[in-house]
Structure formats: structure tokens, C-alpha cells
Amino acid sequence: MIALHAHKTLRSPSGNINLQLELEIGRGEFISLYGPSGSGKTSTLRMLAGLLKPDRGTITVEGYKWFDSDTGHMTPPQDRKIGYVFQDAALFPHLTVKKNLEFALPRHSDPSIIKELTALTHLDPLMDRLPDTLSGGQKQRVALARAVVQQPDILLLDEPLSALDAETRSTLQDHLLALHKKYDLTTILVTHDIGEIHKLSDRVVKLEDGKVVAHGSPISIFSHHQVSGKFQFTGEILRIDKQELIYVVSILINRDIVRVIASEDEVVNLKKGARVVVATKAFNPIIIPL
Amino acid sequence: MNSLKGHITGMQSEGSLTMVHVDLEGNLPLEVMVIDTPETVNYLRNGREIEVLFKETELILSREAIPNISVHNRIPCRVYRLEEGKILTRIYLNSEAGPMTALLPTTALSTMQLTEGTALTALVKFNEIMLASR
């Protein structure tokens, strides 16, 4: 459990921001931080990483105080088991992929984790390459593997996929989920991409002006409608075809296209590209072993 | 999609399942099963106004007022329009709970001898209904 009760006044060109964070994150949760620029998302990550000192409050992780303004204690960044990935991969340019990963390996730890990670993130063919010869997506894959090589308990991700094209982003999201599960990480992702939030996170925390204004499941935060159907996904309308008296609506859900039968009142306000919730009862789907 | 308004009159929970009793407008009772309990969602409250949603393909129509079948959610209604396609026909229905539509195979139209004004019972199974709360 991470308990963040931290206050900090940040000075920015557009005036002061009063960060007043009251946030609890369960072990193993995948959390997305969502909110407008300047709402305090990156500062939240930096406080957790020990790169930004709160003015007052406490940060407690699994019962250990990482920060306490009353006693003046602050655990230094290197003693917090944290992996951090930024939008810019920030790899050492003169080291190969392999050396970049080995450099991050904590002393006295088993180097076999590198082999395991490179297999999981499909980096094996790139091990002898220098960062300059890699694509943006490949660099971020290395940055992600490097963060996990450090065997962190908490993975902090600051818009690591925002500069990538949709397909690369989707692949990296799959890698992220696989790593989160395999290494029992508590992951906190800053992102503006609502599709990404739905795909990855257990819970969204919405920040505005330095405060948590809402938190909950992605569907409860982004849908104005609460529907009891348990089989719920969000997707994007690809096409709407009228056939006989009904409409066949093709919807992209993650990387799969599903087709849903709809009546006119369901499609009347929808256009190609609209984001929608697709919901049905849990009683309808059947399960077939592969 | 059919959307009718009602309010919750009672609930029976068993594990994570709840049978929700809803009264539609016109005092028509309905049973709806959801995989939620009053502990997991805030809209499961007695007296709470709720929307009842079901697809037009899930509606069963009968000419008998109380058909002797296992579907107990019954809404008396009357046909006010038919929209006939080659293989599908949409039946527009009026009821005390509000307007509904049902999608049937066009062949059912002649077997059931449906015309404007025909009095019917609309039936929908407890597991085909979703609840929505704004």
C-alpha cells in the first residue's frame, strides 16, 4: 500500500499550483493519473520517486515512511525500489542495448533477469545495437526493460508511449501489462490517452489543480452512464451500415473489430470515430477452450 | 434498444448475484438479475429511479395474456405500427410502461397474424435486462 498525503506549492509560469495530494494505492494496482497539463501528475510521480520534496505531509510505502515532514526524514531516491520511464527513453547513447540493461542491474543480483526480460519484450535481436540505430518504439521497449531490470516494487511511467504511432503503442501496452503482472509491480501511469487507460488500468485517478477530484474504474470515470452489464468494453466506431431494418456497427476494441447489431435510436448520434461503451449481460457470452 | 423507466422495489442477493425487483411505470413488476450487490454499486437501493434496458431482439411476443411459459416478466401492450423488411420486421408497441419495439422474423408476422391494434403480451427474460443509472 502506498499512502500519499503530501502538500507542495509549485511555481509555474502561469502562477502557483497548490498540490494537495490525498491518495492511496493498493499493492499490485495499475493506476492511471489523468488530468489537464499543470494538474500535478508528473509532480506526483516525482514526489514518489524522491526527486521532489513535499512541503509537508507523509509518504508511506508498505508501512515504511519515505517522507515525513514532522521528523524531516526523506528516503533518498536510490533507496526507493522504483523504476521510472519518461517520454524520452534517456538511454546511454554510447552503450549497446545489452550494456544499457546490464548497467541498470543492481549489484549482487541475478543477471538471468535480463534474459527473461529481453525475451518478454522481444529485445533479443536488438541486443548489440546502439540506441541511435533504434526506432522510437524500440527505444521505449529498452527503457521499459531497463526500468524493470532494477527489480522495482513500483513502476512510474510518465507518458512513455505518447510519441509512438498507434500500432507500436498497442504492442508496448501489451508488454507493459505483461511486465506489470509477471513482476507483481505497482504501476502508476501518467497518460492522456483514454483508450490506453481503459486497456491498462484497474483504476483512474483524476487530478485537477493539484487535487484528486475523482477516482474509480475507467468506465465509471469516463462514462456518464452506469450500466449493470458486466461485459463492458470501450471502443471506437469504425463504420455503421444499415441492413434491412437494423444497423450493423463495426467497433474497434483494443485491436479487435467486433460487430454489434443496433437499432436506429442507438446510432442516431454516432459517427465514425466516436468513442462508445459496448455493454451486454454476462449471461450471453459462451466460453470455448482454444 | 428499449429503455423503460421504473424504480427498485426490492432485492434478493446471494453471493455476488442480485435479483432486483423493479416496478415499471404503470405498476408493472419486473425481475432483473445482475452480477452486483448493494455493496458493490450505489444504484442498487430500494426506491431508486432506474432505467431498464433491453435489446429489441430480446423481446418475445405472445397473443395470450398470461402465457404458461417460464418467462415471468410480462408487459401488456398493443401494436401501433409495423415496419416490414424482407427477413426482419419491427413491431412498434405501446404499453403503460412506455413505447417499445420488437424485432421478429418476417415469417412470424403471418403466423401470429399481427396487425396494427393487436393486443399482445411482451415478455423478456430476467437475464436479458440491464439496469442503468444516470
Side-chain angles (χ1 to χ4, degrees), chain A residues 26 29 202-204 206 213-235 237 240-251 258-271 274-287, chain B residues 1-4 8 11 16-20 22 32-38 40-45 48-59 81-92 98-106 109 124-134:
Chain A
E29 264 197 299
D202 302 313
R203 199 152 61 93
V204 196
K206 198 171 166 189
V213 291
H215 66 94
S217 68
I219 282 178
S220 72
I221 296 293
F222 294 111
S223 156
H224 301 298
H225 230 104
Q226 246 188 315
V227 185
S228 68
K230 280 293 163 213
F231 216 70
Q232 278 193 34
F233 302 97
T234 53
I237 302 269
I240 302 173
D241 299 307
K242 184 161 191 193
Q243 282 166 13
E244 270 252 311
L245 306 178
I246 53 171
Y247 292 82
V248 178
V249 186
S250 303
I251 303 167
V258 298
R259 300 211 289 172
V260 176
I261 299 293
S263 53
E264 188 160 1
D265 59 294
E266 284 171 283
V267 298
V268 68
N269 291 319
L270 293 179
K271 279 194 200 118
R275 292 202 60 82
V276 291
V277 172
V278 180
T280 183
K281 299 279 284 190
F283 295 89
N284 302 51
I286 58 167
I287 299 171
Chain B
M1 184 175 62
N2 288 303
S3 164
L4 302 174
I8 297 176
M11 286 169 284
S16 57
L17 300 176
T18 301
M19 190 66 90
V20 186
V22 176
V32 180
M33 171 143 287
V34 295
I35 311 184
D36 265 316
T37 64
T40 60
V41 286
N42 59 16
Y43 60 80
L44 288 180
R45 297 279 175 272
R48 173 84 181 227
E49 300 281 325
I50 202 110
E51 246 181 296
V52 165
L53 310 176
F54 48 92
K55 297 283 275 192
E56 57 182 0
T57 40
E58 303 301 347
L59 216 55
R81 202 184 135 204
L82 297 164
E83 189 183 359
E84 219 175 311
K86 285 203 181 73
I87 53 174
L88 290 170
T89 292
R90 180 172 287 117
I91 321 281
Y92 290 82
M100 297 181 288
T101 56
L103 204 61
L104 304 185
T106 297
L109 206 61
V124 57
K125 280 181 72 190
F126 69 100
N127 62 312
E128 301 292 1
I129 304 173
M130 281 189 267
L131 298 178
S133 140
R134 273 181 194 278

Could you please spell out the steps behind the side-chain contact (heavy atoms from CB on, under 4.5 Å) verdict for S263(A) and K55(B)? CA-CA 8 Å; S263(A) 53; K55(B) 297 283 275 192; over 6 Å; no
Could you walk me through whether F283(A) and M33(B) pass side-chain contact (heavy atoms from CB on, under 4.5 Å), step by step? CA-CA 10 Å; F283(A) 295 89; M33(B) 171 143 287; 3.3 Å; yes
Checking I246(A) against R90(B) for the side-chain contact (heavy atoms from CB on, under 4.5 Å) test, could you report, in this order, the C-alpha distance in whole Å, the side-chain angles of both residues, the deciding distance, and whether it holds? CA-CA 9 Å; I246(A) 53 171; R90(B) 180 172 287 117; 3.8 Å; yes
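Separating the CD1 atom in I87(B) from the CG atom in L245(A) is a distance of 9.0 Å, to the nearest 0.5 Å. Interatomic distance, I261(A) CD1 to L88(B) CG, rounded to the nearest 0.5 Å: 8.5 Å. Note that CD of E264(A) is 13.5 Å distant from CE of M1(B), once rounded to the nearest 0.5 Å. Atom-to-atom distance recorded for N284(A):CG and E128(B):CD is 5.0 Å, nearest 0.5 angstrom.
For a residue to count as touching a neighbouring chain, one of its non-hydrogen atoms must lie under 4.5 Å from one of that chain's; by this rule V32(B) touches chain A with the side chain only. Of the two parts of E83(B), the backbone and the side chain both hold a non-hydrogen atom closer than 4.5 Å to a non-hydrogen atom of chain A. Heavy atoms closer than 4.5 Å to chain A are found in the backbone of I129(B), but not in its side chain.
The shortest heavy-atom contact between I35(B) and A282(A) is CD1-CB, 3.4 Å.
R81(B) CZ: more than 12 foreign heavy atoms inside a 6.0 Å radius.
Between the side chain of E244(A) and the backbone N or O of G85(B) there is no donor-acceptor pair closer than 3.5 Å.
The residues E58(B) and K281(A) are annotated as not salt-bridged, no charged nitrogen and carboxylate oxygen being separated by less than 4.0 angstrom.
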